[in-house]
Amino acid sequence: MVDIQGIAKDIDDVVSVGDAIAIDIPEHCKAAFDSSAKTFSVLHQNIRSLNRNYDGLTVLLKRLNINYDLIVLTESWLSENSVIPEMVGYTTHSTKSHHNQNDGIVLYLKDNIHANVYEPNFCHEVNCLVTTINNNVAVVSLYRPPAFKNLDPFLKSLDKILSNINHYNNIILMGDLNINIKPEKLNPKQTEYLNLLASYGLLSSHTLPTRESNCLDHCFVKTKLKPLTIVCNSTLTDHSSVMISLNLKIKNRPKQNHFRTKTDYDAAINDLKMINWEERFHNDDPNAMTNIFLNTIKDILLFHTNTVKQTRRQIIIKPWITPGLCRCMRNRDQLHQKLRKDPDNSTLAITYKRYRNKCNSLLRSLKNNYFKSELAKSGNNIKKQWGLVKEMANLNSFPKVSSELLSTNLTPQEALNNINRHFVNVGSSLANTILSRTCTSEIELSKRHRPGPNSEPLNSFVLLPTDPIEIKEIITNFKSKNSSGWDGISTIFIKRAAHALIAPLTRICNVCFSKGVFPDALKKSVVVPIYKAGDKTLASNYRPISLLPSFSKILEKLINKRLKHYLETYKLLSDNQFGFREKISTADALHKLTSYLVENMDKGQKSLGIFLDLAKAFDTVSVPILLTKLEALGIRGIPLQLFQDYLTNRKQVIKIDNSVSLEENVTFGVPQGSVMGPTLFLIYINDLCNLLLRNGQIITFADDTVLLFSSNTWKDVTEAANEGFALVTSWLDNHLLTLNLDKTKFVTFTLNARTQPSTNSTIIQSHNCNNTNSCHCNPITRVKSIKYLGVIVDQNLSWKEHVMKVGNRARKLIYIFKSIRNACDIKLLIKIYLALCQSILTYGLNVWGGTSKTTMLIVERAQRMVLKVISRKKYTYPTDVLYSELGVLTVRKLFIKQEIMTQHKVRPHYTKRRRVDIVYNVPKYRTSFAHKFHNYLGPHLYNTVSKDLKLMNLDRQTCKDTLEKYLKSLDYNNTENLLERMT
């Protein structure tokens, strides 16, 4: 006889659906969950607009107090421009297909879990995301809107998805399906849905009601483990939360650190005050003095540092979520439970609704009051204001952990060491490729750059000693940060203890100057890899962020200040270099680029620009060649010895979480994250900026280099470009700098698209061979537009692409200002607008702001919409009145202001022979195209406005105030006429 009961038991053991529990109060869920480190937990919640209910979600997560591995949010109301809030400790994923205004799935996945998340092709109107983990777990997240009645296409798509993941041992399907699977409510189609899932071993882990009396939020599971499912009344929306846990170990999950360190800075500073540094500094050896200095501070900080256990109750998710607010939420939930048991009680219903609205109002009020207070404290600190704005609008981004780099077959220590070797050898690997191709050596190249016997510089660099006042100024201007180098001494502590540290620091710095020594303890960097994109297990997909000791930056700032003063005083840097120099910006580089092109295009000449991309430029600087260049500029003797010591014997370690690699020697490049690195790079690349190109011009901003060429015919300009490009690539080879040919592009510039040359007539090649006449070297790519220094430069200088980009950026601010306007008064909103929106609108404006009226309308409309949201005006509100009430300038007026103020800065000295109303001679141009750029508009606008305002003899601030008042008085048509009127 067949043992039917035994077979039934075996079936139940093979596929388990576990237990299902309904819980009314979120705080009670944690007790039901297994808090073991082996538990894999998933939470699903119908959110009904993520951006609107994110604060409520934050409160719910705090109340649940469960460390979920995956959070699934459905009906998120996503659109193409939606900004998804980030959550600490989680990576964010979302659906990209948009069918209606209510759809969208958002996933928050623990950032220490290595997973693959993808959006499969699904039937129309249904959202789906599939998450696969360790070839063992697959989670299917679904949202099916209620209006989608036909189940056949849905079932067909679902069948295809499940067939692709059927080999996974553990499968969870969760989401808001809007299919009622209560046993008593099943119809044939719903039964077909259940049968399909059962055919893949997926059984429902619960049939508890999730919305009113219906089970619409599903959780199906295929597993041999025994899961636990909880349906909790969240009151976030009218859908309950559904959560499931499996006793399943996920690899690479580090132990949770519930400890933090607490340092008594005041006690540490008091101990520092008692130290007699003269007794501790036994001699004038910079290395010994620095080691004594650092070790003394470290010992004192260590003595006054305690490790404190931090419970989850002490971790503040949001500062405005107070214990009182949580109590209010619990009382609201209790009222809600009473109402569910007695739904016909009208008095209870009114009481609940009033109390619920009070809770929601309290949440908004606490959040708004908190940010009002913080914004008031921020003063004029734009960076802090932007941080608060991002927090208010839930736009904060968090650094991604790089623990995936350790998830290899190697031990964590071996993996760390390999990663460190990779970053250290980036520069040397690129350089060795060039050395091998050119059959030379680094020493031979450095000898080629030595100055000849008759080329001695007229001046010499001197390191003047420092004093306590200069040291104090540097420390005062430090940014307050908790991050630190290998010594663990942060800038926050240095600023607080400045009065106790200035004297020994002054002594150490002056000894370093006199001995020509940069202490070894200040040359060790800690590198933290930050994920960029691509495979998370490859070190090449991470950006190395280098952390140097804070005291290193003090010494570097002293040296760098003297070096830059020397370079600028004797005009040793090229006029074509615009990077990392005082009173020179990207706007100057962009202005020089457009001026060159406009001048030649107006003359009818053919113009071409090659935009270079250097691979790891700072990492591939050759130290011997750099030292030779320093010597050629007049840096000799002890100062040169100091620079040599600074650049050599540098050490680097990699740090991921709390694991640190072994030290590696850094032999190439200028130190990343250093103060002197950019200035030293300018010296290294200075000769490139001074190369003489036939019919050409070089413009550089640090390593962002563009080669411009013009001539009468495309044949001539192509020949000149190839000749100049060959000269530049030869220079790069001689300096061991690698050109990234895949990212190096060129653009041909003409007044209109019809006059563009054919593809075959303009070919630019980078020759890695010795035969430039007939070779097979690949040409570089020709493009219609390219991004240079943050501005999109197109082949006709029409700026349409860039204006579109600026308009899109400004449009994204609409949501931000809508999110923060309740926490700010109108004055503060305008202040934030000027800091955020107007700074976006005015970047590079003096280059592209003269574009046509129709093109400019794109960004003007975005600006108007931002201002209408700020002032809570309707879409149809009059524009002129809007700008007048808020006291801000249109984009076009901002452009005019920039042009006139730039011209005012370089105005000629007044003489009696010169008419006051005609300050500049306006250059004559052949085309109306040239009249849209600074060379013409600057003098033209200044002369035109000066006739009425007499700007010539006004100081800068008075000129600015007078000009703003004048521009605010102009309407739209008068503003456009001001640009179009000819003198």
Side-chain angles (χ1 to χ4, degrees), residues 2-22 40 42 44 70 72 74 105 120-123 126-133 135-144 146 148-211 214-231 242-248:
V2 178
D3 183 4
I4 300 298
Q5 291 183 347
I7 292 174
K9 185 178 184 303
D10 288 342
I11 292 173
D12 291 339
D13 289 340
V14 170
V15 180
S16 173
V17 295
D19 299 321
I21 306 172
F40 174 72
V42 185
H44 166 256
L70 179 63
V72 180
T74 54
I105 299 175
N121 292 325
F122 216 89
C123 67
V126 176
N127 294 129
C128 179
L129 282 178
V130 178
T131 307
T132 57
I133 306 170
N135 294 318
N136 188 32
V137 180
V139 181
V140 181
S141 308
L142 290 167
Y143 172 68
R144 176 184 167 274
F148 191 32
K149 302 297 183 184
N150 188 359
L151 276 179
D152 291 332
F154 166 72
L155 295 176
K156 184 178 179 180
S157 296
L158 184 58
D159 184 23
K160 186 176 179 180
I161 297 301
L162 293 176
S163 65
N164 292 332
I165 62 171
N166 191 38
H167 60 283
Y168 285 87
N169 293 328
N170 302 282
I171 301 176
I172 299 172
L173 184 147
M174 297 188 81
D176 179 7
L177 280 299
N178 281 295
I179 300 172
N180 190 4
I181 59 172
K182 293 284 287 184
E184 64 272 17
K185 299 282 183 75
L186 292 178
N187 61 35
K189 279 297 179 183
Q190 293 165 341
T191 303
E192 188 179 343
Y193 162 68
L194 295 176
N195 290 341
L196 171 65
L197 294 176
S199 70
Y200 289 101
L202 286 159
L203 300 179
S204 179
S205 66
H206 83 95
T207 55
L208 297 168
T210 61
R211 183 176 184 270
N214 301 317
C215 183
L216 306 181
D217 301 87
H218 301 175
C219 181
F220 285 79
V221 61
K222 167 195 168 184
T223 182
K224 292 183 180 180
L225 306 172
K226 189 171 183 180
L228 171 68
T229 306
I230 296 177
V231 176
V242 180
M243 55 202 84
I244 184 171
S245 68
L246 295 175
N247 289 326
L248 180 70

- Message: Looking at every non-hydrogen atom in both residues, tell me the closest pair between Ile171 and Leu202 and how far apart they are.
- Response: O-CD2, 3.6 Å
- What one should report as the nearest heavy-atom pair of Ile105 and Ser141 is CD1-O, 3.4 Å
- Task: Might you confirm whether atom CG of Asn121 has over 12 heavy atoms from other residues, nucleotides or ligands at distances under 6.0 Å?
- Result: no
- Message: Can you confirm whether more than 12 heavy atoms, excluding those of Lys182, are under 6.0 Å from its NZ atom?
- Response: yes
- Message: With no hydrogens and no angle check, just 3.5 Å: does a side-chain donor-acceptor pair link Thr210 and Asp217?
- Response: yes
- Task: Identify the two heavy atoms, one from Tyr168 and one from Lys222, that lie closest to each other, and give their separation to 0.1 Å.
- Result: O-NZ, 3.2 Å
- Item | Phe220 and Ile172, any side-chain heavy atoms less than 4.5 Å apart | no
- Message: Is any side-chain heavy atom of Val139 closer than 4.5 Å to one of Phe40?
- Response: yes
- Note, Asn180 side chain near Cys215 side chain (heavy atom, < 4.5 Å): yes
- Distance col, row Ile230:CD1 vs Asp19:CG, nearest 0.5 angstrom, shows 10.5 Å
- Item | Between OG1 on residue Thr207 and CG on residue Leu194, distance to nearest 0.5 Å | 10.0 Å
- Message: Does any part of the side chain of Leu197, heavy atoms only, come nearer than 4.5 Å to the side chain of Leu162, both counted from C-beta?
- Response: yes
- Note on the structure: Closest non-hydrogen contact found for His206 with Ile181 is O-CD1, 4.1 Å
- Message: Are Cys128 and Val140 packed together at the side-chain level, in the sense that at least one heavy-atom pair is separated by less than 4.5 angstrom?
- Response: yes
- Task: Can you see which heavy atom on Cys123 is nearest to which on Ser157, and at what distance?
- Result: N-OG, 3.0 Å
- Message: Could you check whether any side-chain heavy atom of His218 comes within less than 4.5 Å of a side-chain heavy atom of Ser204, counting everything from C-beta outward?
- Response: no
- Message: Counting C-beta onward and ignoring hydrogens, is there a side-chain heavy-atom pair between Leu173 and Leu158 closer than 4.5 Å?
- Response: yes
- Task: Might you point out which heavy atoms bring Pro227 and Leu225 nearest each other, and give the distance in Å?
- Result: CD-O, 3.2 Å
- Does the pair Phe122 and Tyr143 meet the rule for a ring pair (Phe, Tyr, Trp, His ring centres under 6.0 Å), with working shown? CA-CA 11 Å; Phe122 216 89; Tyr143 172 68; over 10 Å; no
